[in-house]
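Some notes on the structure that comes next.
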Amino acid sequence: MAIGFAVTAREALGRERGLRAAGEQRHGDEESALADAKEDAERELRRHQRLLDCHVDALIAAITSPRARPVPLPGRVLETFCVTIPGWQRKLAESTGLVPRDLERLLKSDLPITPVLARQLEAFTGTPARYWEFLWCLHDDYGARYVTVSTRPSSL
């Protein structure tokens, strides 16, 4: 009978240890999931802050005199927005299907942002396509009004 109690006690102790180990494992998994969720939330917050900065720049450029404050270059905005992504230029080229020469033109703001390219940029950056189209329109309008006018030879 004493052996039976010893076996029962040993089984209960083993069960208790197993439950404790499972509880510790579950707690560790919950802490890990919480840490991952916090990192994801912080990364998303930084992305939204960059997006907001881009929107603010575009809005300020739209409401102020272009001569007082030039429109932000779409290529520069894209570069600023993606600089935190490792190997972003290669990934952007793969995502959009741009050849290196066209990617270089895009970053120099020499490549027009078409609706198709704007949707591809939206898929890559998470920034709405209408933002990229609006930014290009501002840049293009500014260039048409002020850059070409100032570079024309005067007719004196």
Side-chain angles (χ1 to χ4, degrees), residues 1-64 66 69-143:
M1 189 146 161
I3 293 177
F5 285 125
V7 170
T8 304
R10 184 176 297 158
E11 287 175 356
L13 183 59
R15 204 173 315 120
E16 187 65 32
R17 284 182 184 157
L19 290 173
R20 188 173 345 136
E24 289 173 358
Q25 178 67 33
R26 188 172 44 251
H27 180 71
D29 291 346
E30 289 171 354
E31 282 183 344
S32 176
L34 265 151
D36 290 345
K38 182 179 177 183
E39 287 175 12
D40 289 345
E42 288 173 352
R43 188 172 26 256
E44 191 67 11
L45 177 63
R46 286 191 302 271
R47 187 180 76 80
H48 283 287
Q49 286 172 334
R50 288 192 310 267
L51 178 59
L52 181 62
D53 289 345
C54 293
H55 280 293
V56 168
D57 284 346
L59 289 173
I60 289 173
I63 62 174
T64 59
R69 185 177 191 284
V71 175
L73 298 172
R76 173 110 5 119
V77 171
L78 177 63
E79 189 172 355
T80 302
F81 193 71
C82 297
V83 76
T84 58
I85 303 170
W88 68 272
Q89 290 181 345
R90 179 183 49 78
K91 291 176 184 177
L92 178 63
E94 291 171 359
S95 173
T96 59
L98 292 174
V99 295
R101 189 185 91 242
D102 286 340
L103 180 63
E104 199 173 302
R105 285 182 57 213
L106 175 65
L107 295 176
K108 290 181 180 178
S109 301
D110 291 337
L111 182 69
I113 298 180
T114 62
V116 172
L117 181 57
R119 283 192 299 277
Q120 291 170 334
L121 291 175
E122 176 181 19
F124 184 75
T125 63
T127 306
R130 67 184 178 278
Y131 171 75
W132 295 112
E133 291 172 336
F134 178 67
L135 189 59
W136 175 256
C137 286
L138 285 175
H139 170 69
D140 195 37
D141 187 44
Y142 175 80

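All residue numbers refer to positions in the sequence shown, counting from 1.
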Report the C-alpha separation of Thr125 and Tyr131 in whole Å, then their side-chain angles, then the decisive distance to 0.1 Å, and conclude whether the side chain to side chain contact (heavy atoms under 4.5 Å, CB included) test is met. CA-CA 11 Å; Thr125 63; Tyr131 171 75; over 6 Å; no

Under 4.0 Å between a Lys/Arg side-chain N and an Asp/Glu carboxylate O for Glu94 and Arg90?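 Looking at Glu94 and Arg90, the cut-off is met.
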
Please report the interatomic distance CD(Glu39) to CD(Glu42), rounded to the nearest 0.5 Å.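 Separation between the atoms: 7.0 Å.
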
Roughly how far, to the nearest 0.5 Å, is CG of Leu121 from CG of Leu92?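 The CG atom of Leu121 is 6.5 Å from CG of Leu92, to the nearest 0.5 Å.
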
Is there a side chain to side chain contact (heavy atoms under 4.5 Å, CB included) between Lys38 and Leu34 once you walk through the steps? CA-CA 6 Å; Lys38 182 179 177 183; Leu34 265 151; over 6 Å; no

Identified side-chain contact (heavy atoms from CB on, under 4.5 Å) partner of Leu107 from the options Asp102, Leu78, Leu73: Leu78

Please give me the minimum heavy-atom distance between Trp136 and Leu111, naming the atom from each residue.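 Heavy-atom minimum between the residues: CZ3-O, 3.7 Å.
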
[X]: salt bridge (Lys or Arg N to Asp or Glu O under 4.0 Å) partners, not counting sequence neighbours:
{"X": "Asp40", "answer": "Arg43"}
{"X": "Glu104", "answer": "Lys108"}
{"X": "Arg47", "answer": "Glu44"}

Counterpart residues, ring pair (Phe, Tyr, Trp, His ring centres under 6.0 Å), relative to Trp88 (two or more places apart):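 Scan of Trp88 (ring pair (Phe, Tyr, Trp, His ring centres under 6.0 Å), adjacent residues dropped) gives none.
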
Could you please spell out the steps behind the side chain to side chain contact (heavy atoms under 4.5 Å, CB included) verdict for Arg26 and Asp29? CA-CA 5 Å; Arg26 188 172 44 251; Asp29 291 346; 5.6 Å; no

When you measure from the side chain of Ser32 to the backbone N and O of Gly28, does any donor-acceptor pair fall under 3.5 Å? no

Taking Lys91's backbone N and O only, do any of them form a donor-acceptor pair with Ser95's side chain (distance below 3.5 Å, no angle check)? no

Quick one: list whatever passes side-chain hydrogen bond (donor to acceptor under 3.5 Å, both in side chains) with Ser109, sequence neighbours left out.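 Applying side-chain hydrogen bond (donor to acceptor under 3.5 Å, both in side chains) to Ser109 gives none.
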
Go through the structure and list residues passing side-chain contact (heavy atoms from CB on, under 4.5 Å) with Ala118, not counting sequence neighbours.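 Here the qualifying residues are Ile113, Ala129, Trp132, Glu133.
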
Any side-chain heavy-atom pair of Leu106 and Leu117 under 4.5 Å: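 Sidechains of Leu117 and Leu106: in contact.
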
